[in-house]
Amino acid sequence: MKPEMRKKLLLPPKGARVLCAVSGGADSMCLLALLLQTGDHELAAAHFEHGVRGEESLRDCAFVESFCREKDVPCFVAHADVPAYAAETGLGLEEAARRLRYAFLEKTAEEQGFDFIATAHNADDNAETVLFNLARGSGSAGLCGIPPRRGKIIRPLLGLTRAEIEEYLAANGVPHVEDSTNESDAYSRNRIRHGVMPVLKELNPSFPEAAARLSRLLRRDEEYLSERAEAFIAEHFDGESLPAAELLELHGAVSSRVVRRLLPRSAEEKHIEAVLALCRSTERAALDLPGAQLRCERGRLYFAADESVSFPETELPLGGSVTLEESGLTIRTRLAAPGEEIHSPFKTYRLKYESMNGKLIVAPPRPGERYRPAGRGCTKTLKSLFAEARATQREKLLTPVFRDGKGVVLVPAFGEAERCACGEGDAALLITIEEKT
């Protein structure tokens, strides 16, 4: 490996346990080979067979398994019917594949105790993402591109171009397979890759590096502006409202982020502009937006969720999962052995299994509901806990409350109930909550 290439790698710490996502294509095989070459990590591979390309897809799976056997690398494999899942959920094929693939990677990393999940995104991938988000009219957050790290997920090759990856494969005799769908312009990213990137590289051969520099600078700015917005919310938001005049005194880059944080995730730029215009009203005024109702009176901007927003009461199967589409959460449960270490990129809670009474259900908060959070030493109403947390009305309505036959056992924002607190040596019921990104 050339020294200049090693300098560009974003490697995890020495001795880390790394699960490497390997499709068999050029990028992922380069990633696996480079991690093997550094020899500084406890390494395993993970291959997700999407069930999209028939025999070719099975060929890729067999190729990865064979290479891993040859290199004595543990390999975890999963098979799925992505087209069926896409049809069932109404998602596009790309998004359906992405969700199932990451769910497999995260579940495997949690169960096997890996510290990191390494994916093979590179500088060209980042540039294509920036262009795709630019075409959609994204703000600076979208132009930040692919982050080098998100939770357990790391991208060691993000500093390398596709040309550098291909050069490494050729120089080191690393085999790979070609995905025939990469040649199809049916996918938006492929149209950018085949039609837009070559033109930009003619104008600037270092365009992927330039896009990476743009993303890095914007990410720095975005972090600062988001911190300013969060600080304003922490100081001024009382759980229901903000002072309108103080909000308008902020720089537009900050005030827009304050409003976006307090509106539903589906909020668009025109919605944010409408909210700021509402703050300028000299008389009492109201505004209806998708999923939210706002009003401005007596100098304060009030946020209230559409009271119809909710989710149905759902029984949680042991060892299974449910998705609360309204809250954007996927909840998984399983039993853990006494003393088992838990590694998860998501929020995971332990409940003493022997203390559970009857079926476990998840449902919205109920009026007047109360419980005794572990470590608090007192019983609190959910209303008072939400007030302490300065939760928005929408957040209150969509907070999952876990109950058994005796009452509340867990509210994620406030922790496990005292009666279900898990001690050392207790068999634990694990509840893992994955939030859509």
Side-chain angles (χ1 to χ4, degrees), residues 90-92 95 129-145 188 218-219 221-311 324-329 364-365 386-387 389-399 413 435-437:
L91 297 170
E95 177 60 17
T129 297
V130 169
L131 292 171
F132 180 71
N133 289 338
L134 178 65
R136 295 170 61 195
S138 173
S140 61
L143 300 184
C144 289
S188 300
L218 284 175
R219 192 175 299 117
D221 295 349
E222 182 66 27
E223 288 173 356
Y224 172 73
L225 292 170
S226 294
E227 286 174 3
R228 290 285 306 276
E230 290 293 342
F232 181 85
I233 292 172
E235 182 178 354
H236 296 284
F237 187 59
D238 62 6
E240 293 183 335
S241 67
L242 286 169
E246 283 87 339
L247 178 63
L248 292 175
E249 287 174 0
L250 296 173
H251 189 284
V254 179
S255 62
S256 62
R257 283 169 171 79
V258 170
V259 174
R260 183 176 293 281
R261 161 68 178 81
L262 297 174
L263 287 180
R265 292 188 180 187
S266 58
E268 301 174 12
E269 186 64 26
K270 62 182 180 182
H271 299 142
I272 294 170
E273 292 174 356
V275 172
L276 293 174
L278 179 68
C279 291
R280 300 185 186 99
S281 304
T282 56
E283 299 179 355
R284 188 183 190 281
L287 176 66
D288 286 337
L289 295 178
Q293 300 166 333
L294 299 94
R295 72 181 192 276
C296 193
E297 61 181 39
R298 296 183 179 180
R300 294 192 71 84
L301 174 66
Y302 289 85
F303 293 77
D306 181 346
E307 294 295 336
S308 65
V309 173
S310 187
F311 58 92
L324 307 179
E325 294 293 346
E326 299 82 0
S327 297
L329 303 175
F386 283 134
R390 296 185 176 182
T392 66
Q393 181 67 8
R394 182 179 178 84
E395 287 172 335
K396 296 174 190 176
L397 292 172
L398 293 180
T399 293
E435 186 174 347
K436 289 182 183 178
T437 56

Q: Drop me the distance from S256's OG to L276's CG, to the nearest 0.5 angstrom.
A: 7.5 Å

Q.
For L225, give me all partners under side chain to side chain contact (heavy atoms under 4.5 Å, CB included), at least two apart in sequence or on another chain.
A. A253, V254, R257

**Q.** Nearest-0.5 Å distance, CD1 of residue I233 to CD of residue E230
**A.** 5.0 Å

Q: Take Y302 and E297 through the side chain to side chain contact (heavy atoms under 4.5 Å, CB included) test and state the conclusion after the steps.
A: CA-CA 8 Å; Y302 289 85; E297 61 181 39; 3.8 Å; yes

Q: Of all the heavy-atom pairs spanning G142 and S138, show the shortest one and how long it is.
A: CA-OG, 3.0 Å

Q) Should D221 and S140 count as side-chain neighbours, where that means a heavy-atom distance under 4.5 Å? A) no

Q) About how many Å separate CG of L242 and CG of L250, when rounded to the nearest 0.5 Å? A) 9.5 Å

Q. If only atom types and distance count, is the side chain of R295 paired as donor or acceptor with the main-chain N or O of A285 below 3.5 Å?
A. no

(Q) Going by the rule ring pair (Phe, Tyr, Trp, His ring centres under 6.0 Å), which residues pair with F232 if we only count those two or more places apart in sequence or in a different chain? (A) H236

Q: Determine whether V275 and L289 make a side-chain contact, defined as any pair of heavy atoms from C-beta on separated by less than 4.5 Å.
A: yes

Q) Taking 4.0 angstrom as the limit, do E269 and R260 come out as a salt bridge? A) yes

Q. Taking all non-hydrogen atoms of both residues, which atom of L278 and which atom of L287 are closest, and how far apart?
A. CD2-CB, 3.9 Å

Q) Any donor-acceptor pair under 3.5 Å linking the side chain of S226 with the backbone of E222? A) yes

Q | Nearest-0.5 Å distance, CG of residue L248 to SG of residue C279 | A | 5.0 Å

Q: Look up atom CG in L324 and atom CG in L398, then write down how far apart they are to the nearest 0.5 Å.
A: 9.0 Å

Q) Roughly how far, to the nearest 0.5 Å, is CD of E249 from CD of E246? A) 5.5 Å

Q. For R228, does the CZ atom have more than 12 heavy-atom neighbours from other residues, nucleotides or ligands under 6.0 Å away?
A. no

Q | Student check: side-chain heavy atoms of S241 and F303 closer than 4.5 Å | A | no

Q: Applying side chain to side chain contact (heavy atoms under 4.5 Å, CB included), run through V259 and L247 and close with a yes or a no.
A: CA-CA 9 Å; V259 174; L247 178 63; 4.1 Å; yes

(Q) Is there a side-chain contact between F237 and L262 in this structure, where contact means two heavy atoms from C-beta onward sitting under 4.5 Å apart? (A) yes

